[in-house]
Amino acid sequence: FAQDPRRVTGHCCASNLQASMAPASSRLHWALAFAVLVISVCLVALTVLTDKMHHLEPPAGGEVEMTAAIGWLGVCGAVFIFGSYGILIKTPSVTEVNCDCMVFQCYHSFAVAAISVLIWLVAGSSGGLTFNASSFSMGAFFATLWIISQVCAYNAINAIGYAVAPAIWIGVTIGVSFVWGVAVFDNPVHSWPGAVGALALMLVGVCLAAASSAISDRQSQRSARELAQGVSQTDHGALLEASRKSPAAGAAVFW
């Protein structure tokens, strides 16, 4: 039984369109990754330059210095870098390889260590290297937390997407950081009603981000079912049309 030429043409056009869009999508991903790299390097270089020109010792006793330019520059840099570094996880090459999360961490963590040493050589090597039992143990503890958090982040991004996963963990991270700052480091809170209200609004945003993922999944499943039903109806209509034009061919098909 010959297929409907219109359906064959439609499938061919869709396949050709996807094939032509794949290289463009790959180039776009790498262009975005390169742009993120350049902006991140500029932010780090600006932070190092600001520290050298206007060095400020960290406040002691849980105090804060809200007028410190390097503090606000660090906040802006962290917002951009931590909000953008994960786009490499969604690049077509990484997605196609379907790399294991621990293998990905080997490359990721090695690059982090190498870049950290490079930044230290440029920015802080003049003060010497502090290496003792305390610094080693804290470094090992931080590295353990880093690996665990990045493994979870890698799996979360692959599972629920880059738009939803960071929105959830960053929102929760802000709440955890607030608790640490107030309860452990004695950071002053000038307005408790404002702080509690801001945290409540943030948690609402996290819940909405999580809900959007579930709603998107349901819509995708409904669209897939509707598409499958439409294809089934089209096939049935084509068979009926063939049976009407050629009873013998139709009988053979239904048989």
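Counting begins at 1 with the first residue of the sequence.
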Run the numbers on N132 and S135 for side chain to side chain contact (heavy atoms under 4.5 Å, CB included), then give the verdict.
CA-CA 5 Å; N132 50 38; S135 65; 3.1 Å; yes

Quick check: closest heavy atoms across V151 and Q105, and the distance to 0.1 Å?
CG2-CG, 3.7 Å

Report yes if the side chains of F104 and N158 come closer than 4.5 Å at any heavy-atom pair, otherwise no.
no

Residues Y107 and V103: closest non-hydrogen pair is CD1-O, 3.3 Å

For the backbone of W146 and the side chain of S149, can you confirm whether one donor and one acceptor N or O come within less than 3.5 Å of each other?
yes

Test of understanding: clusters of I, L, V, M, F, W, Y form through side-chain heavy atoms closer than 4.5 Å, transitively. Do F82 and L43 belong to the same one?
yes

So how far is it from D100 CG to C106 SG, rounded to the nearest 0.5 Å?
9.0 Å

Cluster check F185, V179: I/L/V/M/F/W/Y, side chain < 4.5 angstrom:
no

Quick one: do I115 and V38 end up in the same hydrophobic cluster if we chain Ile, Leu, Val, Met, Phe, Trp and Tyr together by side-chain heavy atoms under 4.5 Å apart?
no

Would you compute the distance between atom OG of S84 and atom CD1 of I39 and round it to the nearest 0.5 angstrom?
7.5 Å

Quick one: are Y154 and I89 in side-chain contact, heavy atoms under 4.5 Å?
yes

Separation between SG (C101) and NE2 (H108), nearest 0.5 Å, reads 13.0 Å

If I take atom CG from residue L73 and atom OG1 from residue T47, how far apart are they, to the nearest 0.5 angstrom?
3.5 Å

I81 and S40 have their tightest heavy-atom pair at CG1-OG, 3.6 Å

Nearest heavy-atom neighbours spanning G161 and P166:
O-CD, 4.0 Å

Do V206 and W169 come close enough that some side-chain heavy atom pair is under 4.5 Å?
no

Nearest-0.5 Å distance that lies between atom CD1 in I70 and atom CG in L46
9.5 Å

Any side-chain heavy atom of I174 within less than 4.5 Å of one from M202?
yes

Yes or no on side chain to side chain contact (heavy atoms under 4.5 Å, CB included) for V112 and Q150, after CA distance, side-chain angles and deciding distance?
CA-CA 12 Å; V112 169; Q150 294 305 305; over 6 Å; no

Taking atom CZ of F178 and atom CG of L199, what is their separation to the nearest 0.5 Å?
5.5 Å

Other residues, nucleotides, ligands: >12 heavy atoms within 6.0 Å of F80 CZ
yes

